[in-house]
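Protein chains get the first letters and strands the later ones, always in sequence-line order, with residue 1 at the start of each.
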Number of protein chains: 2
Amino acid sequence: MNSQVPSALTAFVRLANAHGAMERAFNQELQAAGRITVTDFEVLRRLADAPDGRMRRIDLAHAVGVTPSGITRLLDGLEASELVGRHHCTQDHRVTYAVITNAGRDVLRATAATHLAGLVALFAERFTQNELNQLVTLLGRLPGADSDLSCPAAAVEPVTVES
Amino acid sequence: MNSQVPSALTAFVRLANAHGAMERAFNQELQAAGRITVTDFEVLRRLADAPDGRMRRIDLAHAVGVTPSGITRLLDGLEASELVGRHHCTQDHRVTYAVITNAGRDVLRATAATHLAGLVALFAERFTQNELNQLVTLLGRLPGADSDLSCPAAAVEPVTVES
DNA sequence: GAGATATACTTGAGTACGCAAACAGGCTAG
DNA sequence: CTAGCCTGTTTGCGTACTCAAGTATATCTC
């Protein structure tokens, strides 16, 4: 194992371990607070921030970093708990929107308080604001980066949630 | 969503997305090269680097960031493909070691070349050596950090792999 | 306007974990 | 020496995805 390798490997391993540990911790926290997972939380957050509280499923999938089939199953659960609804696009019948419901916003509010506090505390304990910013920009260069698509193709038609 | 929060949240989201994207990419690469996953690779690598090519299962679990039950199932697979064997500790009958086999070392060699090259390339494309070091130290402060336990409680007794 | 191709989404089957509980062996205190 | 606790491991059961393949719908080309 030659001598150029180690830092790249270490970076990857640390990334993986940190992600695993944090995800596990936050999942428990969120499970306790509102019976949702970290990914569910991300979905609700994205929807709540999007215009009209809705997004195309595929954009949502991309935003939270799962595959199209992943978002289907994920939303299956959230639809079953009535935290999001679906809304068919009248212009393009291929696409359907995921729409956050009032119940969804309630759960988001209820969980956001403790979750975000925990998140902030975790980072505040270990980094100065400066270091945190550095971390964010460095992570942003990695593949799969947020791409923070500010929800294109939304805010087009009136919203009517079904089911 | 108040104004202190965003960088912590962004850090976490980027971490998650980067990890997901990289893991998926490397999994495909490794699957093609040697029918193993990223986690399998990590296990083989750790074992190969450990004295006598063996580690206590629980230390291994911690090192690669899975739970004890996770390591059991993970090693089930590697044992089935004869890439690792097991070795009972004669001093403490609770513990059993995972031992890398010759076949395991072969697979590791075969996959390491391309995998590590890919890893290095990925980082080299995006970061200077300096930035990479920064990233590594910042990530090292996150929970679940490597703790690089240099395999305590190993190198004690003669190794005899069974089945 | 008829294919061909691309996009959005769903479904079937499989996998890689996790948690909680069970169990076995070891350690300590009386 | 025995009762209680701690540690290492496995097992049952559940879940959150993945990939590959299938179905609609849209778009592009001639």
Exercise. NE2 of H19(A) versus C1' of dC17(D): gap in Å, rounded?
Worked result: 12 Å
Exercise. Any donor-acceptor pair under 3.5 Å linking the side chain of T96(B) with the backbone of R86(B)?
Worked result: no
Exercise. Is the closest basic N to carboxylate O distance between R141(B) and E131(A) below 4.0 Å?
Worked result: yes
For this session: Assign each of D76(B) and T39(A) to its nearest nucleotide of DNA chain D by heavy atoms, then name whichever residue's nucleotide is nearer the 5' end.
Result: D76(B)
Exercise. In whole angstrom, what separates L60(A)'s CG from dC9(C)'s C1'?
Worked result: 13 Å
For this session: Take atom CD of E42(A) and atom C1' of dC17(D), then tell me their distance rounded to the nearest Å.
Result: 16 Å
For this session: Kindly say if R57(B) contacts the phosphate of dT10(D), meaning a side-chain N or O under 4.0 Å from OP1 or OP2.
Result: yes
Problem set entry | Q31(A) CD - dA20(C) P separation (whole Å) | 10 Å
For this session: Could you tell me whether the phosphate oxygens of dT15(C), OP1 or OP2, come under 4.0 Å of any side-chain nitrogen or oxygen in T37(B)?
Result: no
Seminar exercise, completed: Judged by nearest nucleotide, the residue sitting upstream toward the 5' end of DNA chain D, P68(A) or D92(A), is P68(A)
Exercise. Closest to the I58(B) side chain: dC17(C), dT9(D), dA8(C)?
Worked result: dT9(D)
Exercise. Atom NE2 of H88(B) to atom P of dG26(C): distance rounded to whole Å?
Worked result: 13 Å
Exercise. Atom CZ of R94(B) to atom P of dG8(D): distance rounded to whole Å?
Worked result: 6 Å
Problem set entry | Atom CG of N102(A) with >12 non-hydrogen neighbours under 6.0 angstrom | no
Exercise. On DNA chain C, nearest-nucleotide positions of Q28(A) versus T72(A): which is more 5'?
Worked result: T72(A)
Exercise. For dT10(C), does either OP1 or OP2 sit under 4.0 Å from a side-chain N or O belonging to S69(A)?
Worked result: no
Exercise. Is the phosphate of dT11(D), meaning OP1 or OP2, less than 4.0 Å from a side-chain N or O of R73(B)?
Worked result: no
Problem set entry | Donor-acceptor contact present, side-chain R105(A) to main-chain I100(A), <3.5 Å | no
Exercise. Does OP1 or OP2 of dG18(C) have a side-chain N or O of T67(B) closer than 4.0 Å?
Worked result: yes
Exercise. Could you state the NE2-C1' distance from H62(A) to dC17(D), rounded to the nearest angstrom?
Worked result: 17 Å
For this session: May I ask you to decide whether R57(B) forms a salt bridge with E79(B), counting only side-chain N to carboxylate O separations under 4.0 Å?
Result: yes
For this session: Check the distance between dT11(D)'s P and L74(B)'s CG and give it to me in whole angstrom.
Result: 15 Å
